[in-house]
Amino acid sequence: MCGRYAASRRPEDLAGIFEIEKWEPKESLEPDYNVAPTKEVYAVLDRPLKDVEDPKPVRQLRKLKWGLVPSWSKTPEGGARMINARAETVHEKPSYRRAFSTRRCILPADGYYEWVTGTQERDLEVEGRKKRPRKQPYFVTPADGSVFAMAGLYEFWRDRTLPDDHPQAWWVTCSVITTEAETTPLAVAPADGPHALADIHPRMPLMLTPDRWDDWLDPARTDPDGLTSLLAPPPTGLMRAFPVSTAVSNVRNNGPELLKELEAPEEGTLF
């Protein structure tokens, strides 16, 4: 799954990477090393500009809220739970299928965090000596240092309790698409730890390689059969994973120190 990630790139850098044509400086976000559900995040999307006669889609960098609220939802309360959409069923689930057809986006990240319950902790839990095992967080990121482009969906939701001219009358929310985690060896694996992404968690965000960005973002592509081919996992062997401080487990903690690679898992959380 993807429940936490890091996104530190500046909008100017993202504009160059994704060939952004339109973004509003007033929507700039500070680097976030501990992105959690309901936070505002950057999304890359192709969409015609509002109040412009030309219907041609324009590549934009937009600020969305993580946690998708379907357009037909009566309230936004379920958004915090809809942070991930499974690639295997996204085309048929009522909450996601319309967005999958016409409102696809890319959520740029440095990488994502995932937690592993250490062997010693699991043994204590089985023996009944510990009810809540301590988990070791790992940071998963492209081995070459490139952007981690997560496949996403976005949706518009109208708050009917507010007037049309209210700045919060419309919500724009998003979700990360996940797929089965790779079982092949990591490009760079920790000496004392997991050797494949599946050793960390059975799911992972669907990463899009640059050759698939245009097709994924193209709103003219609406055929379900053609779209499902875009959900294929990326080539294997592109990722690395390393242990980081358990400080990232607290969403209030934020800063580049969260991405510091540990020489070994923290005491009590050995893999």
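Note that these values count all heavy atoms, side chains included, but never hydrogens, waters or copies made by symmetry.
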Distance in Å, Leu208 CG paired with Leu217 CG, rounded so as to fall on 0.5 Å steps: 8.0 Å
With Asn250 via side chain to side chain contact (heavy atoms under 4.5 Å, CB included) - residues at least two apart: Arg252, Asn253
For residues 98-111, which residue pairs pass the side-chain hydrogen bond (donor to acceptor under 3.5 Å, both in side chains) check, not counting sequence neighbours? Ser8-Asp110, Arg9-Asp110, Arg103-Glu155
Using side chain to side chain contact (heavy atoms under 4.5 Å, CB included) as the criterion, list what pairs up with Asp215, not counting sequence neighbours. Arg221, Leu230
The complete set of side-chain hydrogen bond (donor to acceptor under 3.5 Å, both in side chains) pairs with one or both residues in residues 86-97, sequence neighbours excluded, reads Glu88-Arg203
By ring-ring contact (aromatic ring centres under 6.0 Å, His included) - contacts of Trp23 (at least two apart): none
Checking Lys63 now: which residues fulfil salt bridge (charged side-chain N to carboxylate O under 4.0 Å, His left out) with it, not counting sequence neighbours? Glu40
Of all pairs that satisfy side-chain hydrogen bond (donor to acceptor under 3.5 Å, both in side chains), the ones with a partner from residues 139-151, not counting sequence neighbours: Asp144-Ser146
Partners passing side-chain hydrogen bond (donor to acceptor under 3.5 Å, both in side chains) against Glu27 (at least two apart in sequence or in another chain): none
Who pairs with Trp213 by ring-ring contact (aromatic ring centres under 6.0 Å, His included), at least two apart in sequence or on another chain? Phe18
Going by the rule side chain to side chain contact (heavy atoms under 4.5 Å, CB included), which residues pair with Thr236 if we only count those two or more places apart in sequence or in a different chain? Glu182, Thr184
For Leu45, the rest of its hydrophobic cluster, which grows through side-chain links under 4.5 angstrom: Leu64, Tyr154, Phe156, Trp170, Val172
Residue set satisfying ring-ring contact (aromatic ring centres under 6.0 Å, His included) with Tyr42, at least two apart, ordered chain then number -> none
